[in-house]
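Only a predicted model underlies this, so the values are computations on that prediction, with no experimental measurement involved.
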Amino acid sequence: MSNTPIKTFNVREIREQFPALRQQIYGKNLIYFDNGATSQKPQVVLDAINKFYSKENANIHRGVHYMSQKATTEYEESRKKIQRYINARKSEEIIFTKGTTDGINLVAHSYGELLKPGDEIMISAMEHHSNIVPWQMLCMRKGLTLRVVPINERGELLMDTFEQMLSKKTKLVAITHISNTLGTINPVKDIIVKAHAVGAKVLIDGAQSIQHIKIDVKDLDCDFYVFSSHKVFGPTGIGVLYGKEQLLDSMPPYQGGGDMISKVTFERTTYNELPFKFEAGTPHVAGGICLGKAFDFLDSIDLKAAEEHERFLAKYAEDTLDTFEGVKIIGEAKNKTSVVSFSVKGIHPFDIGTLLDKQGIAVRTGHHCTQPLMDFFKILGTVRASFAFYNTKQEIDTFVEAFEKSLNMLK
Ligand SMILES: *Cc1c(COP(=O)(O)O)cnc(C)c1O
């Protein structure tokens, strides 16, 4: 930020800013280990939501009156904040969406319109359903081929195979930066260089990376980067698609309606310029403004220290759980963070999740929207503990005790 405040990382101070973490569930202090599904919100975001709807609520980009102009300014300021945070060249490259899923669907439709039968889309074996299904639907519509880069037993991409699969036919590589199920951090920079060498564009699914590692889209040189606000300490219902300006300019609009037009007649409509061309209808105004507050909050934190803390938590949890008989860690990539997924021999993940819940511990159980990945590991699902920087070693110790207790009850 402009006046370069000193950034610190103190877990106790950070926790104080998250009221949701200070509650009891079934009489036990909440331990929130479901950050992969959604993050809790800091006080600055909660205050901003309240303030917007109490005093500032107005539609944007259309009113002459004071409130509308103020809301418009704040919404556009937020766009600029996000641009600076991810180091995009221009704020026109920041498109507000409903979230990661919406951003991927936008690209699948609009960039997809530029593709021809026989062209190929490449994804990986560890994608979230929202980075699989839109591409399958596009391939059906346009006669394209969907190709899937395989992984090894540790949950790492087979990079040699990836390189062999690339060809002039590859038009887009759509890949997750960090796997929501395995915690694997994919070598996206390398992937981008190799994909660009054959003329393919690259979409990075950043739903699990924006909240854990510093993102610089210029340095990555990705063509698209998508994420959801709700996983990065902002409200639900809003997200971001970053795209390179030239590419976005070359793409037709996704949805038609208000705000995305320049001039409308019954014969012909011309479209608005970026970013509005891709933002039809009244957007989530409060969401956009409050997502900006979430980035203000992140800007106040020493993110390097936060990242190290999260890596430590994941490693500590993994090493501790690994000592239990019958526990199998799913996802043992060399480069991983923030997520520990595991299965227990002879016990259904749901049963463990239910018993942990009764002890105030929130984890996720199931396939985590990655069914093909479950098929690969030949399991029905996992128990997943996913961490944010506000989690502590103490919480992991309590979680492990509760897990042991649950095991004894189920055996
Ligand atoms: C959560 C998630 C998504 C989908 O995000 P939504 O907020 O549900 O649109 C996509 N990819 C990954 C890796 C995710 O973790």
Close side-chain approach of I238 to K98, heavy-atom, < 4.5 Å
no
Those residues at least two apart in sequence (or on a different chain) that pass side chain to side chain contact (heavy atoms under 4.5 Å, CB included) with S228 are T100, H230
Open item on the list: The test is ring-ring contact (aromatic ring centres under 6.0 Å, His included); show your working for F276 and F96 and say whether it passes.
Closed with: CA-CA 9 Å; F276 312 113; F96 281 121; over 10 Å; no
Does any non-hydrogen side-chain atom of K116 lie less than 4.5 Å from one of K142?
no
Salt bridge flag under 4.0 Å for residues R154 and E332: no
Next on the checklist: Counting only heavy atoms from other residues, nucleotides and ligands, does the tally under 6.0 Å from NZ of K358 exceed 12?
Outcome noted: yes
(message) Looking only at the aromatic ring of each residue, does the gap between the centers of Y242 and F224 stay below 6.0 angstrom?
(response) no
* Asked: Looking only at side chains, do T282 and N59 share a donor and an acceptor under 3.5 Å apart?
  -> yes
One should read off an interatomic distance between I330 CD1 and M374 CE, to the nearest 0.5 angstrom, of 7.0 Å
Legend entry - N-O pairing of D34 and R384 below 4.0 Å: yes
- Task: For residues H309 and F389, establish whether the separation of their ring centroids is below 6.0 Å.
- Result: no
Assess whether atom CZ of F312 is packed by more than 12 heavy atoms of other residues, nucleotides or ligands within 6.0 Å. yes
**Request:** Measure from the ring center of F18 to the ring center of F297 and say whether it is less than 6.0 Å.
**Result:** yes
Q) Side chains of N35 and N391: donor-acceptor distance under 3.5 Å anywhere? A) yes
* To do: Report yes if some heavy atom in the side chain of L241 is under 4.5 Å from a heavy atom in the side chain of F278; otherwise report no.
  => no
Query raised in the report: Do K214 and Y85 meet the cation-pi criteria used here (NZ or CZ under 6.0 Å from the six-membered ring centre, within 45° of the axis)?
Result: yes
Closest non-hydrogen contact found for I151 with L158 is C-CG, 4.0 Å
Note: A58 and H65 closest approach over all heavy atoms is CB-CE1, 4.1 Å
From the list L291, T97, V226, side-chain contact (heavy atoms from CB on, under 4.5 Å) partner of V240 resolves to L291
Walk me through it: do I175 and D205 pass the test side chain to side chain contact (heavy atoms under 4.5 Å, CB included)? CA-CA 6 Å; I175 193 118; D205 174 349; over 6 Å; no
Taking C-beta and beyond as the side chain, do T337 and I178 meet within less than 4.5 Å on heavy atoms? yes
**Q24 atom CD, neighbour heavy-atom count above 12 within 6.0 Å** = yes
Salt-bridge test for K169 and D119: reply yes if a basic N is under 4.0 Å from a carboxylate O, no otherwise. no
| message | Please determine whether a side-chain nitrogen of the Lys or Arg among D221 and K244 lies less than 4.0 Å from a carboxylate oxygen of the Asp or Glu. | response | yes
Any side-chain heavy-atom pair from L247 and K201 closer than 4.5 angstrom? yes
Test item: side-chain donor near acceptor, T370 and H128, under 3.5 Å: no
Next item on the list: Tell me yes or no: between the side chains of E127 and S124, is some donor less than 3.5 Å from an acceptor?
Entry: yes
Check your understanding: Between K90 and E93, does at least one N-O distance fall below 4.0 Å, as a salt bridge requires?
Key -> no
Under 3.5 Å, is there a donor on one side chain and an acceptor on the other for Q208 and N180?
no
Original post:
Is any side-chain heavy atom of M159 less than 4.5 Å from a side-chain heavy atom of I191?
Top reply: yes
I301 vs T8 side-chain heavy atoms within contact, under 4.5 Å = no
side-chain contact (heavy atoms from CB on, under 4.5 Å) test vs H368 passes for just one of T181, V339, L373, namely T181
So CZ of R141 and CG of L115: to nearest 0.5 Å the spacing works out to 10.5 Å
task: Go through D219 and K189 one step at a time and tell me if the side chain to side chain contact (heavy atoms under 4.5 Å, CB included) criterion holds.
output: CA-CA 9 Å; D219 178 56; K189 227 173 149 173; 3.0 Å; yes
F233 vs Y390 aromatic rings, parallel, tilted or perpendicular, using cut-offs 30° and 60°? perpendicular
*Is atom CD1 of I379 surrounded by more than 12 heavy atoms (other residues, nucleotides or ligands) closer than 6.0 Å?*
yes
Check your understanding: In terms of side-chain geometry, is the basic nitrogen of R22 or E16 positioned less than 4.0 Å from the acidic oxygen of its partner?
Key -> no
query = Short question: side chain of N10, backbone of R12 - any donor-acceptor pair under 3.5 Å?
reply = yes
Review point. Under 6.0 Å between the ring centres of F387 and Y316?
Key: no
Measuring only between side-chain heavy atoms, which start at C-beta, is L274 closer than 4.5 Å to E245? yes
Q: Run the salt-bridge test on K315 and E310 with the 4.0 Å N-O cut-off and return the result as yes or no.
A: no
The salt bridge (Lys or Arg N to Asp or Glu O under 4.0 Å) partners of K80 (sequence neighbours excluded) come to E77
Only residue of V344, V363, L355, T320 satisfying side-chain contact (heavy atoms from CB on, under 4.5 Å) with F403 is V344
Rounded to the nearest 0.5 angstrom, the CD-NE2 distance for E307 and H212 is 10.0 Å
Closest non-hydrogen atoms of S130 and T101, given as atom of the first, atom of the second and distance, are CB-OG1, 3.5 Å
| query | Can you check whether K7's main-chain N or O pairs, donor with acceptor, with D302's side chain at less than 3.5 Å? | reply | no
>> Tell me whether D322 is salt-bridged to K328, with the criterion being a basic N under 4.0 Å from an acidic carboxylate O.
In response: no
Value for CG (L203) from CE (M122), rounded to nearest 0.5 Å, stands at 14.5 Å
Check your understanding: Would you call E56 and K51 a salt bridge, taking side-chain N to carboxylate O under 4.0 Å as the test?
Key -> yes
query: Should the heavy atoms of other residues, nucleotides or ligands under 6.0 Å from CE of M67 be counted, would the total exceed 12?
result: yes
| Can S406 and Q359 be counted as having a side-chain donor-acceptor contact under 3.5 angstrom? | yes
Practice item. Say whether Y254 and N105, considering side chains only, have a donor N or O and an acceptor N or O under 3.5 Å apart. Key: no
The reported gap from CG in N131 to CD1 in I104 (rounded to nearest 0.5 angstrom) is 4.0 Å
Taking the basic N atoms (NZ, or NE/NH1/NH2) and the acidic carboxylate oxygens, is any pair closer than 4.0 Å for R311 and E308?
no
**Q.** Worked verdict on F376 versus E153 for side chain to side chain contact (heavy atoms under 4.5 Å, CB included)
**A.** CA-CA 9 Å; F376 173 81; E153 285 290 328; 4.2 Å; yes
Hey, are T382 and S341 close enough side-chain-wise for a donor-acceptor pair under 3.5 Å? yes
- Query: When you look at CD of Q23, are more than 12 heavy atoms from neighbouring residues, nucleotides or ligands closer to it than 6.0 Å?
  - Reply: yes
CG of L166 to CD of E120, rounded to nearest 0.5 Å, is 9.5 Å
Exercise. Please determine, by modelled atom types, if H61 and D259 share a side-chain donor-acceptor pair under 3.5 angstrom.
Key: yes
